[in-house]
Asker: 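Can you read through this structure? Questions will come right after.
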Amino acid sequence: MLTPLFLKLILAHLIGDFLFQSDTWVKHKKQYKITSKYLYLHMAIHLLALITLLQFDFTIAIIIVIISHFIIDVIKLYLSNKKNERFLFVIDQLAHILVLIGVSYYYLPFTIDVAQIFSPHIILTCIFVILVTYAFSVCIKQLIAPWDIQINTDRKSIDGAGKYIGMLERLLVFGFVVAGIWSAVGFLIAAKSVFRFGDLTSGKDRKLTEYVLIGTLLSFGLAILAGVVYNMLLPML
């Protein structure tokens, strides 16, 4: 599937949708929708990128991609609101990618090995990713629950931010351990300590400091353990 044609189509998509599309353009398109001048300028950039990369060798591909991109973007503009904006962004990008895959298949048919997708290696990786992110979040929350009532929760923070920060840090630590980059794990711990230092010292709350340290050590410890166990199980597949 990763043919030169598909890679060029992806590059053109990234150039048009991200590299040369500012927030001003996006806001203008949301407000004026199909009458927005930036919608058509956006399409022109996509067209220019496709022509430059494909050099008129795949005329049908260029036509299909441009027309489908315009239709998908217009549908998104008219369906989008504050509640579904993020969801539609994901659907929009998936729709564009599916079109690019379809166009690539039209020129160079390919087969997808379903057995490879559901190979033991992939299954094991999925298990550990879910374990490191969501499952460990629940475990850590349960483990530190006895101290929740002793902590001052009247502190300004983004709702759910702590949960997702923990998930990301564990995912990074897991990845570093699997890759054998232990120095990066130490750097991540040091970086988090620096960011947390000002908040904890200014609060002058020893209980909060201890609470955060327990959560952090549990988070990093479980992620490291998961990485070690994953590396032990991988050769057994």
Side-chain angles (χ1 to χ4, degrees), residues 1-2 7 10 13-14 17-19 84-98 101 112-148 151 153 155-200 208-237:
M1 189 176 76
L2 292 178
L7 293 176
I10 289 291
H13 175 73
L14 294 175
D17 254 22
F18 299 99
L19 186 60
N84 65 13
E85 188 173 5
R86 286 184 297 177
F87 173 74
L88 284 181
F89 171 78
V90 174
I91 297 299
D92 169 78
Q93 292 301 315
L94 285 176
H96 291 317
I97 299 300
L98 286 175
I101 292 173
I112 298 176
D113 188 354
V114 178
Q116 187 64 30
I117 296 175
F118 294 102
S119 66
H121 186 178
I122 299 297
I123 297 295
L124 182 67
T125 302
C126 290
I127 289 171
F128 272 83
V129 167
I130 295 172
L131 189 67
V132 166
T133 51
Y134 288 94
F136 282 173
S137 288
V138 176
C139 293
I140 293 170
K141 184 177 180 181
Q142 293 299 319
L143 287 170
I144 63 176
W147 300 289
D148 281 349
I151 303 302
T153 57
R155 303 175 65 88
K156 293 181 179 179
S157 63
I158 301 172
D159 290 339
K163 175 184 174 182
Y164 290 106
I165 290 172
M167 290 168 61
L168 288 172
E169 75 181 18
R170 286 192 298 277
L171 200 56
L172 287 171
V173 171
F174 174 74
F176 291 146
V177 173
V178 169
I181 313 174
W182 288 92
S183 57
V185 177
F187 175 79
L188 191 61
I189 294 174
K192 183 172 183 180
S193 300
V194 170
F195 282 120
R196 275 290 191 179
F197 179 77
D199 183 40
L200 294 175
L208 175 63
T209 303
E210 293 171 343
Y211 181 82
V212 170
L213 283 173
I214 291 171
T216 299
L217 291 173
L218 279 172
S219 182
F220 277 90
L222 288 172
I224 291 171
L225 179 62
V228 171
V229 174
Y230 177 86
N231 283 336
M232 291 173 59
L233 295 175
L234 203 56
M236 300 179 187
L237 299 179

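Count residues from 1 along the sequence.
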Asker: Could you name each residue pair satisfying side chain to side chain donor-acceptor pair (under 3.5 Å) that touches residues 228-237, not counting sequence neighbours?
Answerer: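 Qualifying pairs, neighbours excluded: His121-Tyr230, Thr125-Tyr230.
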Asker: Where do Ile97 and Ile10 land on the side chain to side chain contact (heavy atoms under 4.5 Å, CB included) test, with the steps shown first?
Answerer: CA-CA 8 Å; Ile97 299 300; Ile10 289 291; 3.6 Å; yes
Asker: Looking only at heavy atoms, which two atoms of Ala226 and Phe128 are closest? And how far apart?
Answerer: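 Taking every non-hydrogen atom into account, O-CE2, 3.3 Å.
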Asker: Measure the CD1-SG distance between Ile144 and Cys139 for me, rounded to the nearest 0.5 Å.
Answerer: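 Interatomic distance, Ile144 CD1 to Cys139 SG, rounded to 0.5 Å: 11.5 Å.
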Asker: Apply side chain to side chain contact (heavy atoms under 4.5 Å, CB included) to the pair Val228 and Val177, showing each step before the final yes or no.
Answerer: CA-CA 7 Å; Val228 171; Val177 173; 4.2 Å; yes
Asker: Can you tell me how far CG of Leu233 sits from CD1 of Ile127, rounded to the nearest 0.5 angstrom?
Answerer: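 The CG atom of Leu233 is 9.5 Å from CD1 of Ile127, to the nearest 0.5 Å.
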Asker: For Met232 versus Pro235, what's the shortest heavy-atom pair and its separation?
Answerer: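 That would be O-CD, 3.3 Å.
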Asker: First locate atom CZ of Phe87, then atom CG of Asp92, and finally report the distance between them rounded to the nearest 0.5 Å.
Answerer: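 Between Phe87 CZ and Asp92 CG, I get 11.5 Å after rounding to 0.5 Å.
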Asker: Using 0.5 Å steps for rounding, measure from the CG atom of Leu225 to the CZ atom of Phe136.
Answerer: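 It is 6.5 Å, given to the nearest 0.5 Å.
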Asker: If I take atom OG from residue Ser137 and atom CG from residue Leu131, how far apart are they, to the nearest 0.5 angstrom?
Answerer: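 Going from OG on Ser137 over to CG on Leu131, the span is 10.5 Å.
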Asker: Can you name the closest pair of heavy atoms from Ser219 and Gly166 and give their distance?
Answerer: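 Taking Ser219 first and Gly166 second, the nearest heavy atoms are OG-O, 4.0 Å.
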Asker: Quick one: closest heavy-atom pair of Val132 and Arg170, and the distance?
Answerer: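 Closest approach of Val132 to Arg170, heavy atoms only: O-NE, 2.7 Å.
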Asker: Distance from Lys163 atom NZ to Ile140 atom CD1, nearest 0.5 Å?
Answerer: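 Between atom NZ of Lys163 and atom CD1 of Ile140 there are 12.0 Å.
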Asker: Can you confirm whether Val178 sits close enough to Phe174 that some side-chain heavy atom of one is under 4.5 Å from a side-chain heavy atom of the other?
Answerer: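 Yes. Closest side-chain heavy atoms under 4.5 Å.
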Asker: Do Leu19 and Leu14 come close enough that some side-chain heavy atom pair is under 4.5 Å?
Answerer: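 No, side chains not in contact.
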